[in-house]
There are 2 protein chains.
Amino acid sequence: MSYSIGQVAEKLGITIDTIRYYDKSGLLPFVKRNEIGRREFTDNDLHLMRTIVCLKNAGVSITDIASFISLRLDGDDTLDQRYQLLKAHEQDLQQQITDLQDTMSYLRFKEWYYETATEAGHEDIHFVPGTNEVKPELDQEYDAHLKTTDQLDELARFANVKDYRLRKN
Amino acid sequence: MSYSIGQVAEKLGITIDTIRYYDKSGLLPFVKRNEIGRREFTDNDLHLMRTIVCLKNAGVSITDIASFISLRLDGDDTLDQRYQLLKAHEQDLQQQITDLQDTMSYLRFKEWYYETATEAGHEDIHFVPGTNEVKPELDQEYDAHLKTTDQLDELARFANVKDYRLRKN
DNA sequence: ATATATGCTGGAGCTGACTTCAGGACAAGC
DNA sequence: GCTTGTCCTGAAGTCAGCTCCAGCATATAT
């Protein structure tokens, strides 16, 4: 059982052109061609391509994914290198998530700012009277916000660790 | 008290050129110039620019940030629009975080895959005997993973909601 | 047998977000 | 009065990651 490029595009939710671009970029050296030169994808190819798409979603560059794939072709000697590569990107990803969560809490703070301003009908409830400057104590309000999300984050980290241990045992 | 473009770049951790680029792109219409045409940034400008940098971190495009800023210039009538804009980007951001968390759990799964393979010394412990195909039950292993992170996510959502309610009261 | 769909390639084009460059103005210290 | 440092502008260049195009081959349906 094999799939055409169009079917794969459908299954993975990416375009045909993107798949061809990935192939050009050395991400799909394992994909075989049939007699008339068309790509034929196996279930296993799909499996691997899901990993590729996933790494891409994690913000891993095409070049880095290519090295990962090329390590794979070199066989069992590179298992540990591949593990290390993933581990490194996990760190990266955790950082990205933390950053986004911080941004989120800043957004929530700004929402509160506009929510209260809308209720009041004018923005200057947050200004120093007689100026166009934001009240300094708003920074503290923001800090308080950051703190609650930090706690959330710790909670998440704890849950992750637990999850990790469960899997290992 | 005002700051030069260099000082602001330093404070915000971005380059001078990036600031000028933002200005060109209409993100900084509020920044005033001195007699000889140089930009002079106030504390309030810095405040706003922090919001801009934050929106950028949240993956909001320059064009969208520009509309936000332009709404701001239109005064109190646009308070609700600005709130809605932020709210929309919050949804977006939440989606991004969820996506990254999914990716993370896939990465963790792959790490387990390579960890166990490294221990065994060869990758084929995960293959269907006699082939180069990954065992189908590994998909279930992956699914199990996804499930634990979904729970985590719900936990996080619950915590967020609680946090939100605390703020509103 | 012809129309339609799907595939192929090489190469050009596009978008977003910068980054660099050429050429020049002003300010301060020596 | 000269050097050094910081600033200005418009315009061109860069990079990643696609996306589109021309021109052609093959497969299926009518």
Among [options], the one nearest [X] by side-chain distance:
| X | options | answer |
| --- | --- | --- |
| Lys56(A) | dC8(C), dC18(D), dC18(C) | dC18(D) |
| Arg33(B) | dT9(D), dT26(D), dT9(C) | dT9(D) |
| Asp17(A) | dC18(D), dC8(C), dT19(D) | dT19(D) |
| Thr18(A) | dC18(D), dG17(D), dA27(D) | dC18(D) |
| Tyr21(A) | dG17(D), dC18(C), dC8(C) | dG17(D) |
| Ser4(A) | dG7(C), dG17(D), dA17(C) | dG7(C) |
| Ile16(B) | dA27(D), dC8(C), dC7(D) | dC7(D) |

When you measure from the side chain of Gln7(B) to the backbone N and O of Ser4(B), does any donor-acceptor pair fall under 3.5 Å?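 Looks like yes, one N/O pair under 3.5 Å.
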For [X] and [N], what is the distance between atoms [atom1] and [atom2] respectively, to the nearest whole Å?
| X | N | atom1 | atom2 | result |
| --- | --- | --- | --- | --- |
| Tyr22(B) | dT19(C) | OH | C1' | 13 Å |
| Tyr3(A) | dG7(C) | OH | C1' | 19 Å |
| Ile5(B) | dG5(D) | CD1 | P | 19 Å |
| Ile65(A) | dA16(D) | CD1 | C1' | 12 Å |
| Ile19(A) | dC8(C) | CD1 | C1' | 14 Å |
| Ile62(A) | dC15(D) | CD1 | P | 16 Å |
| Leu27(A) | dG17(D) | CG | C1' | 12 Å |
| Ile36(B) | dC26(C) | CD1 | P | 7 Å |

CD of Glu40(B): more than 12 outside heavy atoms within 6.0 angstrom?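 Counting neighbours around CD of Glu40(B), more than 12 heavy atoms of other residues, nucleotides or ligands fall under 6.0 Å, so yes.
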Let me spell it out: for each of Glu35(B) and Thr63(B), pick the nucleotide of DNA chain C with the closest heavy atom. Which residue's pick is nearer the 5' end?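 Closer to the 5' end of DNA chain C: Thr63(B).
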Below the 4.0 Å mark, does dC7(D) have OP1 or OP2 next to a side-chain nitrogen or oxygen of Arg39(B)?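 Result: no.
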Which sits closer to the 5' end of DNA chain D, Gly6(B) or Lys24(B), going by the nucleotide each is nearest to?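 First, find each residue's nearest nucleotide; the 5'-ward one identifies Gly6(B).
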Return the 5'-most residue of the pair Arg20(A), Arg38(A) with respect to DNA chain D, ranking by each residue's nearest nucleotide.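 Nearest nucleotide further toward 5': that of Arg20(A).
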We want to know whether Ser67(A) and Asp64(A) form a side-chain donor-acceptor pair, criterion being a heavy-atom distance below 3.5 angstrom.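 Result is no, nothing qualifies.
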Just call it for Ser25(B): base, sugar-phosphate, or nothing, with non-hydrogen atoms closer than 4.0 Å on any strand.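 Nothing: the residue Ser25(B), judged by heavy atoms under 4.0 Å, touches no strand.
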Drop me the distance from Met104(B)'s CE to Ile97(B)'s CD1, to the nearest 0.5 angstrom.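 With rounding to 0.5 Å, CE (Met104(B)) is 12.5 Å from CD1 (Ile97(B)).
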Heavy-atom closest contact (Leu27(A) atom, Ile52(A) atom, distance):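 It is O-CD1, 3.4 Å.
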